[in-house]
Amino acid sequence: EAQVTQNPRYLITVTGKKLTVTCSQNMNHEYMSWYRQDPGLGLRQIYYSMNVEVTDKGDVPEGYKVSRKEKRNFPLILESPSPNQTSLYFCASSLSVSSYNEQFFGPGTRLTVL
Amino acid sequence: DAKTTQPTSMDCAEGRAANLPCNHSTISGNEYVYWYRQIHSQGPQYIIHGLKNNETNEMASLIITEDRKSSTLILPHATLRDTAVYYCIVARSNYQLIWGAGTKLIIKP
């Protein structure tokens, strides 16, 4: 089944404890992206990647890192999480850069930072 | 960047057509309009997109005004499963989407 998977789905952690949220897609998509969603708001883009080893900042990149060493994986790293990073996170992918706006989304990761 | 304006919420009776408006008066000539929906807190789902012409697929129809300043998403026969938040989005030219708060559509039996 074609899908985008994220792990973990739920995470409660404490301030300053490094964490990684994994994202994987099995559709051979070139474009991948991370978003966060806060209550009552639409999605805000954190980082995106147009292909392997190519990443760029979105609208809210502060406090996050990403890497794209393989086409299928696009992990989101929080080196020192803070409470303002408590949010619902979505990973997404699309076939190519030219179709970046028809994105397939993962199920989401709900992160709480205490 | 082009911004979109949508009603905060709308109701529609089951079996009727749901018409969701979107205003994007500052859209540029080469910017597309996209619609996604999000059911509860699941990952958003792509619905449809268009540039100038009206578009239809198995999920919905998209009607774009001639001046491109507004559009309407039409769900022809709404069901309870169509209850969701619907986002009207204008795609930036640098591979990013600008998401607003969307319209919460409630389908009533």
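In plain terms, the two heavy atoms of B:Y46 and A:Q103 that are nearest each other are CB-O, 4.2 Å.
Remark: B:I39 CD1 is packed, more than 12 non-hydrogen atoms of other residues, nucleotides or ligands lying under 6.0 Å away. Annotation for A:Y64: atom OH counts as buried by contact number, over 12 foreign heavy atoms lying within 6.0 Å. In the displayed structure, B:K104 atom NZ is contacted under 6.0 Å by at most 12 heavy atoms of other residues, nucleotides or ligands.
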task = Apply side chain to side chain contact (heavy atoms under 4.5 Å, CB included) to A:F90 and B:Q42, showing your working.
result = CA-CA 9 Å; A:F90 290 103; B:Q42 298 175 19; 5.9 Å; no
inquiry  = Please determine whether side chain to side chain contact (heavy atoms under 4.5 Å, CB included) holds for the pair A:Y35 and B:L97, giving the CA-CA distance in whole Å, both sets of side-chain angles, and the decisive distance to 0.1 Å.
reply    = CA-CA 11 Å; A:Y35 296 88; B:L97 300 175; 4.3 Å; yes
inquiry  = What verdict does the side chain to side chain contact (heavy atoms under 4.5 Å, CB included) test give for A:E102 and B:Y34, after you've listed the backbone C-alpha separation in whole Å, the side-chain angles of each residue and the deciding distance to 0.1 Å?
reply    = CA-CA 8 Å; A:E102 299 167 42; B:Y34 281 74; 3.9 Å; yes
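A search for salt bridge (charged side-chain N to carboxylate O under 4.0 Å, His left out) contacts involving B:K108 returns B:D11, not counting sequence neighbours. By the ring pair (Phe, Tyr, Trp, His ring centres under 6.0 Å) test, B:Y86 pairs with no residue at all, sequence neighbours left out.
No path of Ile, Leu, Val, Met, Phe, Trp and Tyr side chains, each step under 4.5 Å between heavy atoms, connects A:L76 with A:Y48, placing them in separate hydrophobic clusters. B:L75 is connected to B:M10 through a chain of hydrophobic side-chain contacts under 4.5 Å among Ile, Leu, Val, Met, Phe, Trp and Tyr, so both are in one cluster.
Both the backbone and the side chain of A:D59 come within contact range of chain B, with heavy atoms under 4.5 Å apart. Both the backbone and the side chain of B:S41 come within contact range of chain A, judged by heavy atoms closer than 4.5 Å. Heavy atoms of A:R110 lying under 4.5 Å from chain B belong exclusively to its side chain. For a residue to count as touching a neighbouring chain, one of its non-hydrogen atoms must lie under 4.5 Å from one of that chain's; by this rule A:Q6 does not touch chain B.
No donor-acceptor distance shorter than 3.5 angstrom exists from the side chain of B:Y87 to the backbone of A:L43, with no hydrogens or angles considered.
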